[in-house]
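Take a look at the structure below.
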Amino acid sequence: MVEYISRHSDCPSSKDPFSSKSLLSIGEINLTTPHVHSVGTQLINSGITVRNTRLLNETFNFLGSGSAFFLVGTPKRRWFFSNRDSEVHPLMVKVNHSLTVALDEEGMLKITQK
């Protein structure tokens with residue numbers, strides 16, 4: 001499931017039709033994994049902080065700062081406004097020029113720092 005949210009304060013105006021070139025950044029992205037606590041710990045150890053300095057829990061965590069966040073949640077979690085449960089899918093996110101986060105098909109996280 002993909003949800004696009006436009007935050008107009010962050011976006012220049014454009015008359016072009018929406019396309020993948022319209023995406024400037026990712027505000028939130030979910031990492032679905034049965035290993036919620038260990039994935040959260042790995043993100044913290046790579047410098048990504050828990051939102052509002054809360055403690056990690058076993059089912060759902062919100063990590064990041066500013067306008068960019070990782071949501072880390074368990075499979076079969078029901079999303080608001082949806083009748084579908086979350087599933088584990090491979091995903092790779094380049095956080096910045098030196099940090100890449102990759103989730104495999106088993107929900108295991110690999111972080112690469114240059």
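All values below were derived from every heavy atom in this structure, side-chain atoms included, with hydrogens, water molecules and symmetry-related copies excluded. All values derive from a computational prediction rather than experimental measurement.
The side-chain heavy atoms of Met92 and Thr100, taken from C-beta on, include a pair separated by under 4.5 Å. In this structure the side chain of Ser98 never reaches within 4.5 angstrom of the side chain of Gln113, judged on heavy atoms. Side-chain contact check for Lys110 versus Thr112: some heavy-atom pair is nearer than 4.5 Å. Between Ile111 and Leu43 the shortest side-chain heavy-atom distance falls below 4.5 Å. Counting only heavy atoms from C-beta outward, the side chains of Val93 and Phe70 approach each other to under 4.5 Å. Met108 places a side-chain heavy atom less than 4.5 Å from the side chain of His35.
Shown here for Thr59 and Asn57, the closest heavy-atom pair between the two residues is N-OD1, 2.8 Å. Closest approach of Pro75 to Pro34, counting heavy atoms only: CD-N, 3.7 Å.
With sequence neighbours excluded, the residues that form a salt bridge (charged side-chain N to carboxylate O under 4.0 Å, His left out) with Asp85 are Arg78. In this view, Ile44 and Val50, Leu56, Leu63 satisfy the side chain to side chain contact (heavy atoms under 4.5 Å, CB included) rule, not counting sequence neighbours. Partners of Arg51 under the side chain to side chain contact (heavy atoms under 4.5 Å, CB included) rule, at least two apart in sequence or in another chain, are Phe62, Phe69.
In the hydrophobic cluster analysis, where Ile, Leu, Val, Met, Phe, Trp and Tyr join through side-chain heavy atoms closer than 4.5 angstrom, Val88 is grouped apart from Val101.
To the nearest 0.5 Å, the span separating CG on Leu71 from CZ on Arg77 amounts to 7.5 Å. How far CG of Leu109 is from CD of Glu106: 14.0 Å, rounded to the nearest 0.5 Å. In this structure, OG1 in Thr32 is found 7.5 Å from NE2 in His89, a value given to the nearest 0.5 Å. Rounding to the nearest 0.5 Å places CG of Asn30 at 9.5 Å from CG of Leu103.
Judged by distance alone, with hydrogens and angles left aside, the side-chain atoms of Ser86 form a donor-acceptor pair with the main-chain N or O of Thr74 at under 3.5 Å.
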